[in-house]
Amino acid sequence: MSAITAGDPLIPGRRSATGEDGLPRENYLNAGYDLKSWFFTLDHKRIAILYLISLTVMFAIGGFGAMVVRLNLLTPNGLIVRPQTYNRMFSMHGVVMVFFFLVPSIPAVLGNFLLPLMLGTRDLAFPKLNLLSWYLYVVGALIAIIAMIFGGVDTGWTFYAPLSTQYSYDNVSLVIAGAFLAGFSSILTGLNFIVTVHKMRAPGLTWFRLPLFIWSIYATSLIQVLATPVLAITLLALVVERVFHVGFFDPKLGGDPVLMQHMFWFYSHPAVYIMILPGMAVISEIVACFSRKPIFGYKFVAFASLGIAVISFLVWGHHMFTTSQSPFAATVFSFLSFIVAIPSAIKVFNWTATLHKGSIQLTTPMLYALSFIGLFTIGGLTGLHLASMAADVHLQDTYFVVAHFHYVMVGGAMTAFLGGMHFWWPKIFGRMYPESWGKASAIIVFVGFNLTFFPQFIMGIEGMPRRYATYAEEFQLWHILSTAGASIMGLGFALPFTYLLWSLKKGPIAGPNPFRATGLEWQCPSPPPTLNFEKIPIVTTGPYAYSAEGDELEHAEEQAQRAQLELELTRLQIAGDRVAEGVPLATPGPAISAVPEEDSPRGV
Amino acid sequence: MKQQRECHTLGMWLFLVTELMMFGGLFFVYSLYRGMFPVAFEEGSKHLNIWLGTINTFVLLFSSLTMAMAVHSAGSKDRKWLVRWLLITFVLGAAFLGIKAVEWGVDWQEGLIPGLNWHYYADHPEQAAHLLEANSGVHQVLMFFTIYFCMTGLHAIHMIIGLGLVGTFAVMGWQGKFTNGNEQPVEILGLYWHLVDIIWIFLFPLLYLIAGLMHGGGGH
Amino acid sequence: MASKKSKGQGAQEHGHSHEGGHAHSHAVETHGRDTHGHGHDTHGHDDDHHVMPIKTYLIVFSTLMVLLVVTLLAAIPDLGPWNLPIAMAIAVAKALVVMIWFMHLKFSSPLTRLFAGAAFFWLAILFLLTLSDYISRPWFDVPKL
Amino acid sequence: MQTFAKFPFLPPQASSGAAEIDYLLIALNAVAIFFSAGIFVALIWLAVYYRQGNKVNRANPVLHSTSIEVIWTVIPLLICLGLFAWATALFLNQRRIPANAMEIHVVGKQWMWKLQQPNGRWEMNQLHVPVGQPIRLAMTSEDVIHSFFVPAFRLKTDVIPGQFTYLWFKPTRPGTYHLFCAEFCGTEHSKMRGKVIVMERTAYQKWLNEGNQAEAAVQVGAGLFQKHGCSGCHNPGSSVRAPMLAGIFGRQVPIQIPKQGTPLSQIKAETITADNRYLYDSIVLPEKEIAAGYRAIMPTYRNRLTNEEVFQLVAYLRSMGRADAPKTNLRQDNTNTLGASDYEARVGFIPENIKGNGVGGGGRAGSNVAPANERTGP
Ligand code: HEA
Ligand code: HEA
Ligand code: CUA
Ligand SMILES: [Cu+2]
C-alpha cells in the first residue's frame with residue numbers, strides 16, 4: 001500500500017528503540033517470560049506461537065505414524081508391525097494430521113498472528129475466546145494422544161459405522177472426544193475471525209482493499225462455523241451408539257450406516273477446503289510479493305474463495321459413489337464436484353498470470369509457493385478422476401485417492417504452511433531464516449514428495465487398495481519407491497525444523513520489512529509490539545501496491561550502488577583502512593499514516 | 001464501546017448458527033427415520049405424555065417472555081426488576097427441567113430407555129404384537145426413543161447451562177453489574193435462552209404430537 | 001453504508017469520508033447501527049434494542065400462546081399427510097415470532113439477519129442433498145432377492 | 001471386448017465394461033497431464049524469464065482482464081461438463097443389469113468373503129465364473145462395511161450390513177484376478193483378499209459339478225431335508241410345533257436369544273434377517289437363536305452333518321418357496337398376516353383384534369414381518 005500522507009508518517013522499527021540484540025526493545029516476545037505470561041496471554045501473537053508449538057508436536061506425531069506406515073509397506077507381508085498396529089498407525093496418522101494439524105495449521109498460527117496485523121487492529125474481536133480455543137485444542141490433543149498411547153484407534157480417520165461403533169475394541173470414544181474438542185476449537189477460531197473481519201477493520205480498509213489472505217481466511221472461517229457443528233453431532237451420535245449400543249446407524253435397529261457417511265462428509269468435505277483455502281491465502285501473498293506485482297484479477301481470486309466455500313458444501317456425496325447412495329444423488333454430487341474445480345482453476349491461472357511481467361525472486365517462500373501451485377494442480381486434477389463416477393468406481397479406496405489427497409494436502413496445504421512460515425518468520429521472530437538452507441529444503445521436499453506420492457497414483461490405478469497392512473506382491477516396487485521418497489521428504493521436513501530453531505538465536509536481524517512487502521503487517525516492527533500498532537493506521541489504497549518495473553529500476557540502482565560500494569571498499573582496503581560494515585539497504589516508505597484513534601471510524 | 005457491542009452481538013449470533021447446525025444434524029436424523037418408520041414413530045410418540053409436554057412448552061415460552069423482560073429491565077437500568085425477571089426465568093427453567101425429569105422417570109420405570117433400561121415390549125407382549133401386526137419391529141420404536149433421548153437430552157444440557165448462566169447473571173445483576181449501562185451481557189444471554197426455546201418449539205410437535213392429540217396422550 | 005436502516009443520528013458520519021466508493025462495494029455490510037461511539041451515557045437508545053414497549057412483549061407472548069393452542073388443536077383431526085406440514089408451519093411461525101421480537105431481529109443489522117438466515121440455508125443444504133439420496137433410492141431399485 | 005488402447009499401468013481388462021472405463025481414465029489422465037504440464041512449464045518459464053535482474057520488457061503489465069478470466073473459466077468448465085457427461089453416462093449405463101444375469105450371493109464377514117453359486121455351492125474367498133456370462137452379485141455383510149473390488153473388472157461396490165447392494169459384470173477373459181476388500185473393516189482388512197477365477201463355460205460347468213456336486217446342491221439338500229427328519233417337524237402337517245420354512249431366506253424373522261437362567265418367555269424378541277449365516281446357524285447351533293414363540297426343541301446337527309451338507313441344506317432352504325412365496329412387498333400381502341394361533345404361539349394369548357380370525361395363518365409364523373426394514377421412503 002503506497003503512502004498517502006495524512007499526518008506524521010509512522011516509521012515502524014524506528015519508533016521503538018532497538019535493544020542490544022538488535023530486535024525492538026519492546027515486542028510481544030519479550031513482554032514477559034514467566035509461564036503465566038504465556039499460558040494466560042490474550043495476545044493473538046502469543047497464542048499463535050502456542051499453536052505453532054503444539055501443532056509442531058502433533059505434526060511430528062503424525063509424521064511418526066506415516067514413517068511406520070511407509071516402513072511397514074516395504075515388504076508385501078509387512079516389514080515391522082502386525083496388521084493391528086499398522087491400522088492404528090495410519091488411523092493415528094490420519095486423525096492427527098487432519099484434526100490436530102492441518103485443519104488448525106494455517107488459520108491458528110498464521111491467521112491468528114496476521115489477521116489483526118493485516119486488518120490494522122490491536123487484537124482479534126474475542127481474545128479470551130481465542131485463548132479458550134487453544135486450550136480446547138490442547139485438551140483435545142492430549143486426550144487423543146493418551147487414547148492412542150493406551151490402545152490406539154483402528155477405524156481410519158473416517159470413523160465409519162458400524163466398525164467404529166460396534167466392532168472396534170480400541171479407544172474409539174476417547175479419540176472421538178479429542179476430535180470433538182478440536183472441532184470446537186476450530187469453530188471458535190472461525191467465529192472469532194469472522195467477527196474480526198467484519199467489525200475490526202482499520203478505517204479505510206474496505207473489503208476490496210483487504211489482502212487476499214483475509215478473503216481466503218474469511219471463507220475458511222465460514223466453513224468452520226457452518227460445517228463443524230455437524231461433525232460434532234455426528235461424533236456425539238457415534239459415541240452414544242458405542243457406549244449404549246443403540247443408535248442411529250445400527251442396521252439391527254433399521255438404521256443406515258450410510259447415513260453416518262453422509263453426516264461425516266457433510267463436514268469433512270468442506271473440511272478439505274478448510275485445509276486448502278488458507279494455503280491459497282498464503283500463496284496469494286507470497287506470489288504477489290516475490291513477483292513484485294499485484295495479484296492478477298484480484299476480485300476473481302477473492303470471489304473464487306467465497307465460491308469454493310459455498311460450493312464445497314454441495315459435493316460431499318462424491319466420497320460415497322460406491323455405497324448404496326442412489327445414482328441420482330451420486331450424479332448430482334458428481335456434477336457439483338466438477339463445478340467446484342472451476343474456482344480452484346481460476347485461482348491457479350491467476351497466480352500463474354501474476355508472474356507474467358513480474359520481477360521474480362526465487363526466495364524460499366517463493367519456491368514453496370511455486371511448488372504449491374504445481375502440486376495442487378496435479379492433486380486437483382486427479383480429483384477430477386475421482387469426481388467422475390465411472391472412474392471412481394475403480395479408483396475409490398485405492399492408493400489413487402491416497403495420492404490425490406496427499407498432493408492437495410501435503411503438496412498443497414502443507415507446502416503453503418511451510419512457505420508461509422518462512423515468509424512471515426522474520427515478522428514473527430524478527431530474525432531471518434538462512435536462505436540457502438531454506439531453498440535446499442524446499443527443493444528436497446519437492447523431490448521427496450513427488451517420489452513418495454507419484455508412485456501411489458500408479459499403484460492406485462493398478463488397483464492397490466488403501467489401508468492395507470499387507471498387499472499383493474506386484475505392488476512392491478511402487479511401495480519401495482514411495483518409502484524411499486518418504487525418507488527424503490522426512491529429511492526435507494526435519495531441515496526447516498532445525499534451521500528455523502537455529503535462526504531464533506543466530507539468524508540475522510530482519511528489520512520490519514525484509515522482503516519489502518506492502519501488507520499492513522509489514523508496517524509494524526518485527527517482532528511487533530504487544531499492541532501491534534502505536535496508531536491505528538488509515539488505509540487508503542489496495543493491498544498490493546507493487547510495481548515490477550519500478551522494482552527492477554530500484555534493483556538495478558541497488559546493484560549499481562553495491563558495485564560502487566564494493567569498488568570503494570576495495571579502494572579503502574587498498575588504502576589499508578578499516579573496513580566498515582555493509583551498508584544496509586534503504587527501506588521504502590511506509591504505506592500508512594496515523595490518526596488519533598478516537599477519531600477513527602471502525603467496523604464497516 | 002460500540003464496536004465491542006457489535007462484535008458481541010454478531011459473535012453470539014454466529015454461535016447460535018453453530019448451535020442450529022448442530023441440532024440440525026439431529027433433526028435430520030429424525031426426519032429421515034420418521035419417514036422410514038412412520039408406524040414405529042407414531043407408536044413411540046404415544047408413550048410420551050402430551051400434557052406434560054404442553055405444560056413444558058408453555059413454561060418455556062413463558063420463560064422467554066420473562067427473559068425478554070429481563071433484557072428490557074437491564075436496558076432501562078431497573079436493577080430490581082432485572083433481578084426479579086431473571087429469577088422468574090430461573091424458576092421457570094428449573095420447572096421445565098423438573099417436569100422433564102418426571103417424564104424421564106416414568107420412562108425409566110416403564111423400561112423405555114434405550115441402552116439403559118429397555119424392557120417395555122418384553123413386559124407388554126401385546127404391544128409388541130400390535131407392532132408386529134403393523135409391520136413395525138420393536139427395534140424401530142427403540143430407534144425413536146434413541147432419537148428422543150438424544151434430542152431432549154442435548155436440549156436439557158443446554159437448559160442446564162442456561163440455568164447456570166441465568167443464576168449467575170441474577171447475582172451479578174443484583175450487584176448492579178448490568179444496570180450501569182453494561183446491559184449487553186443480558187441481551188446476549190437472552191439470545192441464547194430464546195434459541196433454546198426455539199429448539200423446543202420444534203421438538204414439541206415433532207416428538208409428542210406424531211400420533212395426534214387424541215391417540216397419544218396420558219402416557220400410553 | 002449509511003444507507004438503509006441507519007436510524008440517522010447524523011453524528012456517525014465522521015471518518016467515513018475516507019471510504020469513498022465503499023457503499024457500493026459490499027451490500028453484505030450495510031448494517032445500520034447508530035454509531036454513538038462514546039461510552040455509556042447513550043445506552044438508553046443505543047442499538048435500538050430497548051425501544052420496544054412492554055405492551056409489545058405481551059402481544060408477542062399472547063401470539064405465542066395462541067399458536068401453542070393452535071398447535072394442539074391442529075393435532076386433533078387426522079389430516080393424513082397434512083398433520084406434519086401444518087405442525088411444522090406453526091412451529092416455524094412461533095420460532096419466527098421469537099426471533100423477530102424477542103431476539104430483536106427486527107432491529108438487528110442486515111448482517112446479523114444474514115447470518116441467522118445462513119444457518120437455515122445451510123441446514124436446507126444438509127436436508128435436501130441428503131434426502132435427494134434417500135428419496136431417490138427406490139427409483140433405481142434392483143429386484144430384491 | 002479386448003482393446004489395444006491400454007494405459008500402461010492399468011490392470012488387465014477382464015470384463016465387458018473395463019475397456020470403456022479405461023478410455024475414460026485415459027482421457028482424464030490426458031486432461032490432467034495436459035494442464036499440469038502446462039502449468040509447470042508456464043511457472044518455470046515465467047520464473048526464469050522474468051527473474052529479477054533479467055532485462056526484459058515489463059512495461060504495462062495487465063493486472064486484470066475480464067475477458068481472460070472468462071476464457072479460463074469457460075474452457076475448464078466445458079472440459080468438466082464433457083467429462084461429467086461422459087463419466088455419468090458410462091456409470092448409469094453400467095448400472096443396468098441384464099435380465100439374463102446369473103445371480104451369485106456374496107456375504108462379507110470379518111475377514112472373509114463367502115460366495116454362493118446359483119446351485120448352492122459355497123466358496124470362500126474365491127469366485128468361479130464362466131466367461132461371457134453376465135453375473136449379478138447380490139451382496140450383504142454380516143458385520144461391518146466391506147467393499148467388493150475386482151480391479152480387472154474396474155468394479156467395486158460396498159457391501160453393507162442391513163442392506164443388499166448389487167454389482168454386475170460380464171467376464172470376458174479367462175484367468176485369475178484379484179478380489180480385494182476395499183473398505184476398511186478392521187484388523188485383517190488387508191487379508192480379506194481372494195481370487196476371481198474366470199473359466200471357460202465347460203470348465204466352469206465341470207467345476208460346478210465336481211466332487212460331491214454331481215447333483216445340484218438343492219436336490220441333495222432336499223434329500224437331506226427328508227433324510228435327517230427336518231420335514232418331520234417343519235412340514236405343514238407336522239404335529240410338532242415348528243416354524244414353516246418356505247420363503248424364509250432373506251426375510252426378517254423374530255428371534256429370541258436365550259440367556260442362562262432366564263425363561264424363554266421372559267426374553268425380548270428381536271428381528272434379524274434370515275440370511276445364509278442365520279440358516280446355517282439354525283441348523284448347526286439351533287440353541288443360539290430361537291425363532292420367537294417356539295420352544296427350543298430342535299436338535300443340533302453339529303456333528304451329524306458335514307459342513308458341505310449343511311450348505312446343501314441351506315441351498316435347499318433358500319430355494320424353498322421361491323416360486324410361491326411373495327418376493328416383494330410383504331406388507332401389502334394380507335394373506336400373510338399372522339393367524340390367531342400364531343399369535344398365541346408367539347406371545348401366549350390371542351390379541352383382541354384378531355380373535356375369530358380362525359386358526360393358523362397358513363404362512364410361516366412371522367413371515368409377515370417387513371422385509372429388511374420398514375422402509376416406506378420419506
Ligand atoms: C486439501 C484437501 C483437498 C482438496 C483441495 C481436494 C480437492 C478436490 N477433491 Fe479431494 N479429497 C481429499 C482432500 C482434498 N480434495 C481427501 C482428504 C480425500 C480422501 C478422504 C478419505 O477418504 O480419506 C479426497 C477424496 C476425494 C474424492 C473421493 C475419492 C474416493 O474416496 O473415491 C473425490 C471425488 O470426487 C475428490 C474430488 C476432489 C475435487 C474434484 C477437488 C477439487 O476441488 C480440485 C480442484 C482443483 C483443480 C481442478 C486443479 C486446478 C485447476 C487447473 C489447473 C485448471 C484446469 C482445470 C480443469 C480442466 C477443470 N476428492
Ligand atoms: C495433513 C495431512 C497429511 C500429511 C501431512 C501426511 C503426510 C504423509 N503421509 Fe499421510 N495421510 C493423511 C494425511 C496426511 N498425510 C490422511 C488423512 C490419510 C488417511 C488415513 C486413513 O486412511 O484413515 C493418510 C494416509 C497415508 C497413507 C496411506 C495409509 C494406508 O492407506 O494404508 C500413507 C502411505 O504411504 C501416508 C504417507 C504419508 C507420508 C509419507 C507423509 C509425509 O509427508 C510425512 C512426513 C513427515 C515426517 C516424516 C515427520 C517430519 C519430521 C519432523 C518434523 C522432525 C521433527 C520431529 C522430531 C525431532 C520429533 N499417509
Ligand atoms: Cu472387509 Cu475390508
Ligand atoms: Cu471431498
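Naming: A, B, ... by sequence-line order, numbering from 1 per chain. The shown structure was predicted, so the numbers you read here are calculated from the model rather than taken from an experiment.
Only the side chain of A:Glu474 comes within contact range of chain D, with at least one heavy atom under 4.5 Å from a heavy atom of that chain.
The ring of A:Phe159 has its center no closer than 6.0 angstrom to the ring center of D:Phe184. Taking the six-membered ring for Trp and the full ring otherwise, D:His64 and A:Tyr298 have centroids separated by 6.0 Å or more.
The heavy-atom pair separating D:Thr187 from A:Asn87 by the smallest distance is O-ND2, 3.1 Å. Considering every non-hydrogen atom in both D:Glu188 and A:Pro83, the closest pair reads OE1-CG, 3.7 Å.
To the nearest 0.5 Å, the span separating OH on A:Tyr544 from CG on D:Leu63 amounts to 13.0 Å. Residue D:Asn57 holds its CG atom at 4.5 Å from NZ of A:Lys357, rounded to the nearest 0.5 Å. A distance of 7.0 Å separates NE2 in D:His189 from CG in A:Asp397, rounded to the nearest 0.5 Å.
Listed options D:Thr157, D:Leu43, D:Ile44, D:Leu90 were ranked by heavy-atom pairs under 4.5 angstrom with chain A; first place goes to D:Leu43. Considering only heavy-atom pairs separated by less than 4.5 Å from chain A, the leading option among D:Ala42, D:Ser141, D:Ala47 is D:Ala47. Of all the listed residues (D:Arg193, D:Gln110, D:Glu183), the one sharing the greatest number of non-hydrogen pairs under 4.5 Å with chain A is D:Arg193.
In this structure a side-chain-to-backbone donor-acceptor pair under 3.5 Å is present from A:Glu552 to D:Gly53. For the pair D:Ser190 (side chain) and A:Thr470 (backbone), a donor-acceptor distance under 3.5 Å is present.
If you check the side chains of D:His178 and A:Glu462, you find no donor sitting under 3.5 Å from an acceptor. Side-chain N/O atoms of D:Asp158 and A:Thr322 include a donor and acceptor closer than 3.5 Å. In summary, the side chains of D:Asp143 and A:Gln166 do not present any donor paired with an acceptor at a separation below 3.5 Å, with no hydrogens or angles considered.
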